[in-house]
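Written out below as structure tokens is the structure these notes cover.
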Amino acid sequence: MSGGVREAIHDALLKAVREIGVDGEIPDLELGRAKVPEHGDYASSAGLKLARVLRQDPKAIASRLAETVRVADNAARAEAAGGYVNFRLTDDWLRALLARIAPGYGARDLGDGERIQVEFASINPTGPLHIGHGRGTILGDSICRLLEFTGHAVQREYYVNSDNTQTRRFGASVYARLHGQEPPEGGYTGEYVTELAEMAGHDLPGIETLPEDEAEPKLRMYALAKMVERIKATVARLNIHYDEWFWENRLWESGLPQKAIERLRAAGYLKEKDGALWFGDPADQEEEDRVVIRSNGQPTYFASDLGYLLSRFEQRGYERVIEVWGADHHGYVPRMKSAAAALGFDPEKLVIILHQMVNLKEGKMSKRAGRFVTLDELVDRVGSDAVRYFYLLRSPDTTIEFDLELAITQGNENPVYYAQYAHARLVNVEAAASERHPQLPERADVSLLVHPWELDVARQLAFWPDVVADATALLEPHRLPYYVHDLATSVHRFYHAGNAQSEHRVVVDDPELTRARLELCRAARQTLKTALDLMGVSAPERM
RNA sequence: GCCCCGCUAGCUCAGUGGAUAGAGCAUCUGUCUUCUAAACAGAGGGUCGGGGGUUCGAAUCCCUCGCGGGGCACCA
């Protein structure tokens, strides 16, 4: 039952549907978690769904299904209620589950080694990361962790822009500072630009004497490299490590954009207009044409992106590419998709995940003006774990209205501590048990676990593979913190039963009973750790 | 004008077309001589932005209107 109990129930339900005489296509039976305890653990509206197919009373169908269905390992018992078929996990199965839980429980080979590149937070390296950029990095990294956990071969990549308008302006700004001047209109005015100019003056001998058209590219590459180092250090504090920092200029040196352009030209996707070269799908009149090469001969970022597609799908052979973008780039999605298709790739294999913005309550951020709260400052103030947890808690579709004051004062109120405390508690109680009982039985007699607060911990653990499967399939890591919270709640309740009445403690006189409860602690602790790992949040042993 | 996202408890947000819409924070009331009280138990709090429609069934799907945010470059 490697797929988790929900899958086993679903399989059994489908089999029962056949047994009661449904031959054709079976509609979605809506098997999901039951919402109220009276409905058990999983609920399905199978009777209602099949009523139309069988032209029979939903209640009668549900009753027959409930009588017919047999879940593997007797994991759950079915019960009809109206047109619904509800399933309750059996206590015996819940107890037996504990022995199967080990580090990495819930991992499944959904990917079969599929080679996926996840490219995320590829911000122009023209300034430090601010709190908005944190969202993409954390989202992207957690998606990577989920994919790795489920059998995909994942590569994390940062695409370093180096030849576009913004980075040229950045280079020009450094040039201006080097000569004691104000940056040009639309340039970068932050303090760090002046610092970069000073460093460049020191590290690049003779740079001051070069004319701007020669000095700017050198200064630009120098300054970008410095900024990349800084970005690398910032994300490392959040437990994020890229496999590859892929420079745009390398793309041009390898000739890939040129190759992509030739291919598109041959396929009829390019045309000359107003002295520029445009991309457009002749079959799609809706989509506007886009400039690939400007009338001044300079390529646009789009030209680089064409080569970048070639680099990834063809030269490096990724089967799927996932890109994480801020929602302000959403208008660029159709263009990238049609470009991928025009180059001969399956646009479905280019997955673009958009996340909404992070706004500061105090006012807008402006990178070029040098006014922003940096990601580094945020990590300084609230810590990596809280930052990651806080960002992951929100669906990418929601705009985060970041109240900095609140984040700073959040302290112990932060939900991350709730989950971490559950983990630390379990570690602590396991240590206390081995101190009290140096020689515990090797095997746990789980039949001694009879209390609802004990079985509820096991029940939560049974749900974990479902969460992994859903979060992976939908690429939605925000499901993780919600699960972790639920598991932590059942752990705290279980622990607290011992505070209320000492015979319910984990560590009791009876070594057999202690051993059985320890089994529960171990399983819960390992699963908490696994879930926190997938979020990139630490699981402290002591708090 | 066109496109995207959001609108759910006082606040911040979950919620694969199913039964009685949830959590955290905040507020109020209880619980530590005991394995960690960063915890537990309980209470109050809702026209799921408005209006239509589809459906046996809608917070969820469709249409429409409103409000907020973002985007519509030879910037990225």
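So that the names make sense, note that chain A is the first sequence line, chain B the second, and so on, each numbered from 1.
- Among residues two or more places apart in sequence or in another chain, the side-chain hydrogen bond (donor to acceptor under 3.5 Å, both in side chains) test is passed with A:R88 by none.
- Using modelled atom types and a 3.5 Å distance limit, the side chains of A:S538 and A:D385 yield a donor-acceptor pair.
- B:U8 and B:U29 have their C1' atoms separated by 28 Å, with the value rounded to a whole Å.
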Let me check something: any side-chain donor-acceptor pairs from residues 386-394 of chain A under 3.5 Å, sequence neighbours excluded? List them with distances.
from: A:R388; atom 1: NE; to: A:M535; atom 2: O; distance (Å): 2.6
from: A:R388; atom 1: NH1; to: A:D141; atom 2: OD2; distance (Å): 3.0
from: A:R388; atom 1: NH1; to: A:L238; atom 2: O; distance (Å): 2.7
from: A:R388; atom 1: NH2; to: A:D141; atom 2: OD2; distance (Å): 2.9
from: A:R388; atom 1: NH2; to: A:S142; atom 2: OG; distance (Å): 3.1
from: A:R388; atom 1: NH2; to: A:M535; atom 2: O; distance (Å): 3.1
from: A:Y389; atom 1: OH; to: A:P481; atom 2: O; distance (Å): 3.3
from: A:Y391; atom 1: OH; to: A:I131; atom 2: O; distance (Å): 2.6

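- Ring-to-base geometry places A:Y84 in a stacked arrangement with B:A19 (centre distance under 5.5 Å, plane angle under 30°).
- B:G22 sits 14 Å from B:G46 when the P atoms are compared, rounded to a whole Å.
- The distance between atom NZ of A:K271 and atom P of B:C74, rounded to the nearest whole Å, is 14 Å.
- Side chain A:S295 to base B:C74: a donor-acceptor pair is found below 3.5 Å.
- Consecutive Watson-Crick or G-U pairing (both distances under 3.5 Å) extending over three or more pairs maps onto RNA chain B as B:1-7 with B:66-72, B:10-13 with B:22-25, B:27-31 with B:39-43, B:49-53 with B:61-65.
- Residue A:S44 is out of contact with every strand shown, counting any heavy-atom pair closer than 4.0 Å.
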Find every protein N or O atom lying less than 3.5 Å from an N or O atom of nucleotides 45-48 of chain B, and list the pairs.
none

Could you list, one pair per line, each protein nitrogen or oxygen that sits under 3.5 Å from a nitrogen or oxygen of nucleotides 54-59 of chain B, together with the distance?
none

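- Contact annotation for A:H485: backbone-only contact, meaning every heavy-atom pair under 4.0 Å involves sugar-phosphate atoms and none involves a base.
- Between the CG atom of A:D486 and the P atom of B:A14 there is a distance of 15 Å, rounded to whole Å.
- On the C1' atoms, B:C13 is 14 Å away from B:A59, given to the nearest whole Å.
- With sequence neighbours left out, the side-chain hydrogen bond (donor to acceptor under 3.5 Å, both in side chains) criterion links A:Y308 to A:E157.
- Each of A:V351, A:I352, A:L350 was checked for a side chain to side chain contact (heavy atoms under 4.5 Å, CB included) with A:V321, and the lone residue meeting it is A:L350.
- Note on A:Y418: a side-chain N or O is less than 4.0 Å away from OP1 or OP2 of B:C40.
- The shortest non-hydrogen separation linking A:K529 to A:A539 is CD-CB, 3.6 Å.
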